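Okay, structure first, notes after.
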Protein chains: 2
Amino acid sequence: MPEAPSPMNGIIVPDGRPAEVVAFERSVIAYFLDAADLLGVPKSLAVIYGICFASSDPLSPSEIRARVDLSAGSLSQGLRFLTGLGAIIEVSVPGERAARYAPDVELRKLLIHYLERRVEAQLDAGQVHLKSMKANLPKGLGSKSKILRSRVESLSGWHGKSRALMPLLKGALKLS
Amino acid sequence: MPEAPSPMNGIIVPDGRPAEVVAFERSVIAYFLDAADLLGVPKSLAVIYGICFASSDPLSPSEIRARVDLSAGSLSQGLRFLTGLGAIIEVSVPGERAARYAPDVELRKLLIHYLERRVEAQLDAGQVHLKSMKANLPKGLGSKSKILRSRVESLSGWHGKSRALMPLLKGALKLS
DNA sequence: GCGCGATTTCAAATGAAATTGAAAAAATCT
DNA sequence: AGATTTTTTCAATTTCATTTGAAATCGCGC
């Protein structure tokens, strides 16, 4: 019996935290790892965010580092990135030296950010390419010209629909 | 004057095709390159699909290769992948040796495939992680426990909403 | 002000994923 | 059937984003 009993009389794992707490954290991290994979975001970001999310109180960088194997450099970069994103917020506890980090649980902000930065950017660029396609489309009446025109039209239709969807999506997110 | 005049009396570029045709193709490829980047798909796939999309008639592998600088290996692999995806279809012209490829312009099929393979898979995995989170959530009444419970609840809420959205999306795609 | 641990910075290492190239296989033409 | 060209396969290479680690910087206690 190397440790004091946990408040929940559960098993104590090597790092001194109750097994349940660790299991909880692992699930949270796994969740965000999967999500990050879908969105093409680096793993370290998912891990850092997950750790913050799974902790009821704000964590200092060294506390975070105690929970995962991650270089100090990665952590620092990751915290900066996530802070810039608005995914986590710096909490400065009065009588304390280092900054601490807590998740911003407003997930919609993250989603809106993603939509704007990635999806809308692609839609805008695509618009330009579509213009150029239309400008260079063959003007003839032959079936070959027609095929290409109809393809571009179809693409353009999809593009328009996607574009129209964005404000709706963002609106829905803002209400939630 | 090294070449015969084009049917459109336009400029003839080095590869013997009218400048407009080449410009059109370039725009199409650029469009799909951007889209591929958004979806995390390799560039070569976007290029191959773009070339097929920009051609009014089905192209043989060697014709495709004449239009971009791409190793024969990449092209072969890319064609196989895109065919498996249903993004392009093999067209076997009767009195002709090699298979030719045409785009499947039913873009919704691609979108549905993407939704099912990537998004739904993540939603299912996430469901499992959420279960585990809930099972390991602290049961106490303290504010710390409450914070975590509310976070998981919020996450769960988003998850449920996303999940509910999928059938709607797929339904909408099927009608289009 | 000095020293020490914690954090940040950034160039270099790593690793995952895409691309190539050479050899094998298939298909066509003579 | 043999020769030639096209296509496929797959190991090796290249590429590129992420991660690391060492040095610089910061912040606080002594």
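Chain A is the first sequence line, chain B the second, and so forth, proteins listed ahead of strands; every chain is numbered from 1. From a predicted model like this one, the values you see are computed outputs, not experimental measurements.
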A:L33 has an atom CG; how far is it from atom P of D:dT18, in whole Å? 14 Å
Donor-acceptor pair, B:R149 side chain versus B:L137 backbone, under 3.5 Å? no
Each nucleotide in nucleotides 4-23 of chain C should get exactly one letter: B, S or -. Can you fill that in based on protein heavy atoms under 4.0 Å? ---SBBB-------SBBB--
Checking A:S150 side chain against A:I147 main chain: does a donor-acceptor pair fall under 3.5 Å? yes
Among residues two or more places apart or on two chains, list those pairs meeting salt bridge (Lys or Arg N to Asp or Glu O under 4.0 Å) that have a residue in residues 23-50 of chain A. A:R17-A:E25, A:E25-A:R67, A:D37-B:R118
Any donor and acceptor pair, going by atom type alone, linking the side chain of B:S145 with main-chain N or O of B:L141 inside 3.5 Å? no
Tell me, please, which residues at least two apart from A:L111 pass side-chain contact (heavy atoms from CB on, under 4.5 Å). A:L173, B:W158
